[in-house]
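Heads up, the thing below is written out as structure tokens.
Only heavy atoms go into these numbers, but all of them, side chains included; no hydrogens, no water, no symmetry mates. Since this is a predicted model, take the numbers as computed values, not measurements.
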Number of protein chains: 2
Amino acid sequence: MVKRPRPEIPPPPWDRVPRRALADRRDPLNRKAIVAAAIRILDDGGLDGFTMRRVADALGTGPASLYWHVGSKDGLLDLIFEEVIGEQQVPDADPGRWQEQLKDVARTMRATILHHRDIVRISIGRVPMGPNALRYSDRVLAILRAGGASDRLAVLGRHLLISIVNGFTMDETGMDGQPPPEPIATMARDYLASLPPSEFPNLVALADHFAISDQDLRFEVLLDLFVDGLAFRIALECGSFPDQLHDA
Amino acid sequence: MVKRPRPEIPPPPWDRVPRRALADRRDPLNRKAIVAAAIRILDDGGLDGFTMRRVADALGTGPASLYWHVGSKDGLLDLIFEEVIGEQQVPDADPGRWQEQLKDVARTMRATILHHRDIVRISIGRVPMGPNALRYSDRVLAILRAGGASDRLAVLGRHLLISIVNGFTMDETGMDGQPPPEPIATMARDYLASLPPSEFPNLVALADHFAISDQDLRFEVLLDLFVDGLAFRIALECGSFPDQLHDA
DNA sequence: ACCTGAACACCGTTCAAGT
DNA sequence: ACCTGAACACCGTTCAAGT
């Protein structure tokens with residue numbers, strides 16, 4: 001391992017945050033402190049409670065002071081997203097364990113999303129291009145290629161994996177903070193069971209199953225579906241058959 | 001077919017919209033007119049441009065007038081979501097074609113989402129329980145059961161199908177209106193290709209594939225993965241083998 | 001039963017002015 | 001180079017008062 005200076009990464013083609021020579025004063029205000037405070041505000045107030053004014057308050061300034069550092073509220077949200085991506089670490093690709101590694105990437109992503117309130121909502125329409133996002137994508141691609149995916153399938157697989165995790169977490173996330181899932185699940189169940197069976201035969205018949213919502217298990221089923229399907233397509237691509245479907 | 005009065009559906013356990021005896025005056029203001037105007041505003045202003053004041057304007061009143069009918073902005077968004085769900089029609093379940101039918105449900109959902117700007121963002125955290133949403137869910141469940149899914153797998157399958165379509169459309173939707181995908185894709189490609197290969201070997205190597213973003217095709221791959229995987233699990237459940245994987 | 005004007009308590013952002 | 005106060009143009013929502 002030769003230690004050499006990390007090459008400077010030029011700014012991505014779009015960038016809402018002003019590139020400023022940072023004066024490295026550690027006193028009250030700099031980009032890092034702002035992002036840290038913002039994430040704290042976000043985590044316990046949600047996106048609706050997330051306000052430039054509140055962030056400024058937490059830092060002991062007025063809202064106007066933030067704008068020199070982060071450009072706009074949207075710019076700050078970009079930075080938050082980048083930071084949160086950086087919290088996740090992706091394992092070094094191991095060809096023999098690529099399926100489990102891919103699932104772990106997804107599990108970590110889900111855990112991070114559940115940990116940072118409303119981060120899925122924030123991610124919508126944001127195409128992160130910061131160093132953390134790049135590093136993350138690169139390492140996920142490494143795993144897919146280690147699994148034997150073609151270039152095209154690797155890029156596609158990365159995209160779809162992120163998509164399905166976002167989709168899954170979207171609706172386990174939104175419903176408020178974490179007020180007990182138990183009562184609302186039974187409430188929904190009872191309501192469905194009370195509907196006219198002539199009009200909603202399936203909802204009435206399956207009402208009980210709507211009360212059971214072990215999200216961890218549901219998520220694992222999704223991952224199984226996805227990774228198995230991916231393994232199958234990889235096998236198709238190179239003309240052989242997959243040797244270990246459903247090994248878990 | 002006996003024609004009988006449709007049974008009255010009681011309100012769901014949570015309901016942000018006030019149940020009022022509607023006076024059926026067709027003049028200026030009623031719930032339906034408000035929702036219609038709101039959807040129009042939403043479609044061409046996006047969620048950021050969506051304002052109670054703007055909706056009121058379109059109807060020739062002040063914002064305060066809306067509150068009697070829809071309770072709150074969130075209540076109005078609930079109604080919008082319900083309405084949009086109602087725009088989609090789900091085919092009558094046909095056991096022999098359940099796989100293609102399920103894909104069609106997903107395709108219709110995606111088309112609807114692409115047609116109504118920011119509707120995915122609106123759907124987050126909303127558990128629709130209106131008549132349209134109920135009818136929709138019931139019919140999707142019918143298809144899954146026609147395919148042989150167990151009760152548990154039917155409920156799970158419906159949930160996951162909706163999840164993955166939401167996830168997929170999340171990021172093809174956000175990036176602004178529809179400013180040409182071409183230039184930004186090549187911009188991203190060029191940027192990725194210019195990165196230091198020592199740090200991002202995979203991004204650099206696969207940069208070209210990031211420019212190719214045939215979303216229709218990507219979506220079809222996702223549907224194949226999902227429906228194949230589901231068929232496989234259904235077969236597992238009843239101890240036999242699936243007879244038609246990858247028939248498309 | 002329905003609608004309204006006016007007000008309240010908030011927003012994001014700008015900008016001239018300070019240091 | 002960095003920070004600030006004050007202001008601008010907006011918000012969602014309420015509420016007394018009207019018809």
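- For A:D57 and D:dT4, the CG to C1' distance is 14 Å, given to the nearest whole Å.
- A salt bridge does not link A:E83 to A:K32: none of the charged nitrogens lies less than 4.0 Å from a carboxylate oxygen.
- Identified under the salt bridge (charged side-chain N to carboxylate O under 4.0 Å, His left out) test for residues 50-64 of chain B, with sequence neighbours left out: none.
- No hydrogens or angles considered: a donor-acceptor pair under 3.5 Å links the side chains of B:E87 and B:H116.
- Within 6.0 Å of atom CD in A:Q89, 12 or fewer heavy atoms from other residues, nucleotides or ligands are found, so the atom counts as exposed in its surroundings.
- A heavy atom closer than 4.0 Å to some atom of DNA chain C occurs in no member of residues 40-49 of chain B.
- Summarising the geometry, the separation between CG on B:L29 and P on C:dT4 is reported as 7 Å, rounded to the nearest angstrom.
- Within the 4.0 Å cut-off from OP1 or OP2 of C:dA1, not a single side-chain nitrogen or oxygen of B:H69 is found.
- With sequence neighbours excluded, the residues that form a side-chain contact (heavy atoms from CB on, under 4.5 Å) with A:S123 are A:F81, A:V120, A:N166, B:M170.
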* For nucleotides 12-19 of chain C, read 5' to 3', which letter fits each nucleotide if B means a protein heavy atom sits under 4.0 Å from the base, S means only the sugar-phosphate is that close, and - means neither? -> BBBB----
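- No donor-acceptor pair closer than 3.5 Å links the side chain of B:E82 to the backbone N or O of B:P128.
- Atom CG of A:L192 and atom CG of A:N202 lie 11.5 Å apart (nearest 0.5 Å).
- Atoms CD1 (A:I34) and P (D:dC2) sit 11 Å apart, rounded to a whole Å.
- With contacts defined as side-chain heavy-atom distances shorter than 4.5 Å, the pair B:R126/B:I122 qualifies.
- A cation-pi arrangement is not found for A:R110 relative to A:F168, the charged atom failing to lie both closer than 6.0 Å to the ring centre and inside a 45° cone about the ring normal.
- Residue pairs meeting the salt bridge (charged side-chain N to carboxylate O under 4.0 Å, His left out) criterion with at least one member in residues 183-197 of chain B, sequence neighbours excluded: B:R189-B:D208.
- Between B:T61 and C:dC3 there is no side-chain N or O to OP1 or OP2 distance below 4.0 Å.
- Rounded to the nearest 0.5 angstrom, A:L66 CG and A:L29 CG are separated by 6.5 Å.
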* Asked: Dot-bracket for DNA chain D, 5' to 3', counting Watson-Crick or G-U wobble pairs under 3.5 Å, with [ ] for crossing pairs and | for inter-strand pairs?
  -> ||.|||||...|||||.||
